[in-house]
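Along the sequence shown, residues carry numbers from 1.
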Amino acid sequence: MPQLVRAFAPASVSNIACGFDILGFALQSEGDGRLGPGDVVTARERELPAGAGGHGPVRITAVAGDEGRLPLEAERNTAAVAATALVDGEAPGAAVDLEIEKRMPLESGLGSSAASAVAAVVAVDALFGLELPAAALLRYAVAGEILASGGAHADNLAPSLLGGLVLVRSLDPEPDVIDLPVPEGLTCALVRPHAEVNTKESRARLARHLPLDRAVTQWGNAAALVAALYRSDLELLSRALVDVVAEPVRAPAVPGFDVAKAAAIDAGALGCSLSGSGPALFALCDGQVRARQVAAAMADAFESSAGVDCDRLVAPLPAPGARVIDGEA
C-alpha cells in the first residue's frame with residue numbers, strides 16, 4: 001500500500017434551480033486542464049497506539065487555505081467525520097492522518113464541505129487499497145455532510161464524487177444516483193460575490209411544509225429539466241430552470257441577486273439561480289462564448305447594484321469527479 005495518497009474533489013453546483021437536494025453537477029475550470037475549485041486531501045496511515053481510549057482513528061494534522069477557520073478536532077471537521085465513518089466501517093483498527101488543502105472559499109454555495117468529505121473518503125479508500133464502490137464512498141461521505149449542513153443530502157456530494165450532472169433519487173437504504181446526459185456545448189457561467197451564506201442557517205429558513213400547488217410546480221420543473229437533458233432541448237431546459245421553493249427564501253440574503261439574475265437572462269443565459277444556498281449564482285448557457293458574456297454581465301451587475309466584487313468561472317459540462325492525483329497543480 002502507498003505511504004500517502006492525495007485526492008482531489010471538485011466544487012459543485014447543487015439544486016440546479018428546481019432540483020432542491022436532488023440535482024447537481026461538478027465544476028471544472030475552462031481551459032488549461034489544471035485542477036479547478038475544490039479540495040485536496042492527503043491521507044497517511046499511522047499506528048493507533050495501544051490504549052488510545054477515546055482517541056479516534058482519524059486526526060487532522062494541517063489545514064491550508066481556510067484562513068485558520070476550520071476546526072482541527074476530528075469530530076468537528078467534515079473530512080475527518082467522513083473518513084472516520086469509512087475507517088470504522090471498512091478498516092477497523094487502522095488509523096489515518098489527514099491534511100486538507102482548501103482550493104475554494106467557505107460558505108460560498110459551491111459544496112465546500114462536500115468536497116472535503118469526498119476527497120477524504122477517496123484518499124482513505126486508495127490508501128488502504130479498498131476499492132470500494134461509489135455507493136459505499138458516497139454513504140460514508142454523507143456523514144460529513146450531515147455535520148456541515150444538518151441534513152443527509154447528496155446533491156453536492158454525488159457530483160463531486162462521480163462528476164457529471166446527476167440526480168440523487170434516494171439515499172435510503174442505499175444511494176441511488178442517476179448520471180444524466182448533458183447536451184453538447186452546455187456550459188455554466190458562475191459568479192461568486194465576496195460574501196458568505198451559512199448553509200445550516202439557510203436550510204433552517206426553508207419552510208417545512210409546502211402548498212400543494214407550489215410543490216406540483218417544482219415537480220413539473222424538475223421532471224421537465226430531466227426530459228430536456230435527455231432530448232437536448234435547450235428551450236425546454238430554459239423553461240424548467242425555475243425554483244419556487246428555495247430561491248424565494250434564500251435570494252434576499254444575497255444583495256444584488258435580482259439585478260444579477262436579470263443581467264444573466266438579458267445576456268442570453270438559458271436560466272439562472274443560486275448555487276446551493278448561495279451567495280454564488282450559476283447560469284446555464286449554450287456554449288462557452290455565451291457563458292463568458294453572461295459571467296461578465298452578472299459580475300458587472302453585482303458591482304454596480306450592490307458594490308460587491310465577484311470571482312468568475314466558466315465551466316464546460318460535464319466535468320470529472322473526484323480522483324487520486326499525483327503531482328497535479
Quiz item: Phe257 and Ala251: which non-hydrogen atoms are nearest, and at how many Å?
Solution: CD2-CB, 3.4 Å
Quiz item: Does the pair Ile325 and Leu35 meet the rule for a side chain to side chain contact (heavy atoms under 4.5 Å, CB included), with working shown?
Solution: CA-CA 10 Å; Ile325 57 174; Leu35 294 177; 3.9 Å; yes
Practice problem: Could you tell me whether a side-chain N or O of Asn77 sits under 3.5 Å from a main-chain N or O of Pro71, the two making a donor and an acceptor? | Solution: yes
Practice problem: Spell out, as yes or no, whether a donor-acceptor pair under 3.5 Å connects the side chain of Gln218 to the backbone of Val244. | Solution: yes
Exercise. Taking all non-hydrogen atoms of both residues into account, name the closest pair between Val122 and Ala322 and its distance.
Key: CG2-CB, 3.9 Å
Self-check item: hydrophobic_cluster_shared for Tyr230 and Phe25, side chain cutoff 4.5 Å
Solution: yes
Quiz item: Does any N or O in the side chain of Asp66 come within less than 3.5 Å of the main-chain N or O of Gly68, such that one atom is a donor and the other an acceptor?
Solution: yes
Quiz prompt | Evaluation steps, side chain to side chain contact (heavy atoms under 4.5 Å, CB included), between Leu138 and Leu162 | solution = CA-CA 9 Å; Leu138 185 58; Leu162 302 170; 5.5 Å; no
Quiz item: Between Asp97 and Arg44, does at least one N-O distance fall below 4.0 Å, as a salt bridge requires?
Solution: no
Self-check item: Any donor-acceptor N or O pair under 3.5 Å, side chains Ser113, Glu145
Solution: yes
Exercise. Could you please spell out the steps behind the side chain to side chain contact (heavy atoms under 4.5 Å, CB included) verdict for Leu274 and Asn15?
Key: CA-CA 8 Å; Leu274 292 170; Asn15 299 341; over 6 Å; no
Exercise. May I ask whether Leu23 and Leu234 are part of the same hydrophobic cluster, defined by side-chain heavy atoms of I, L, V, M, F, W, Y residues being less than 4.5 angstrom apart, directly or through others?
Key: yes
Quiz prompt | Side-chain donor/acceptor of Asp125 to backbone N/O of Leu132, under 3.5 Å | solution = yes
Quiz item: Asp21 side chain to His153 main-chain N or O, any donor-acceptor pair under 3.5 Å?
Solution: no
Quiz item: Can you tell me if Gln28 uses its side chain to pair, donor with acceptor, with the backbone of Pro316 under 3.5 Å?
Solution: yes
Self-check item: Shortest non-hydrogen contact between Pro181 and Pro183, atoms and distance
Solution: O-CD, 4.0 Å
Quiz item: Between Asp311 (side chain) and Pro193 (backbone), is there a donor-acceptor pair under 3.5 Å?
Solution: no
Quiz item: Quick one: do the Asn156 and Ser12 side chains pair a donor with an acceptor below 3.5 Å?
Solution: yes
Quiz item: When rounded to the nearest 0.5 angstrom, what distance separates CD in Glu90 from OH in Tyr140?
Solution: 3.5 Å
Practice problem: Determine the minimum heavy-atom distance between Cys310 and Val191, stating which atoms define it. | Solution: CB-CB, 4.3 Å
Quiz item: For Ser112, does its backbone N or O pair with a side-chain atom of Lys102 as donor and acceptor, under 3.5 Å?
Solution: yes
Practice problem: First locate atom OG of Ser238, then atom CD1 of Ile265, and finally report the distance between them rounded to the nearest 0.5 Å. | Solution: 6.5 Å
Quiz item: In terms of hydrophobic clustering (I, L, V, M, F, W, Y; side-chain heavy atoms under 4.5 Å; direct or indirect links), are Leu270 and Leu229 co-clustered?
Solution: yes
Self-check item: Nearest non-hydrogen partners of Ala120 and Leu98, listed with the distance
Solution: CB-CD1, 4.3 Å
Quiz item: Is Arg59 reaching over with its side chain to a backbone N or O of Pro57, donor-acceptor style, under 3.5 angstrom?
Solution: no
Quiz prompt | Hydrophobic cluster identity match, Leu281 and Leu190, side-chain contacts under 4.5 Å | solution = no
Quiz item: Do Ile178 and Ile22 share a hydrophobic cluster (ILVMFWY, side-chain heavy atoms under 4.5 Å, transitive)?
Solution: yes
Quiz prompt | From Ile60 atom CD1 to Glu75 atom CD, the distance as rounded to the nearest 0.5 Å | solution = 10.5 Å
Quiz item: Less than 4.5 Å apart, any side-chain heavy atom of Val168 and any of Pro175?
Solution: no
Quiz item: Considering all heavy atoms of both residues, which atom of Thr78 and which atom of Gly144 are nearest to each other, and what is their separation?
Solution: CG2-O, 3.3 Å
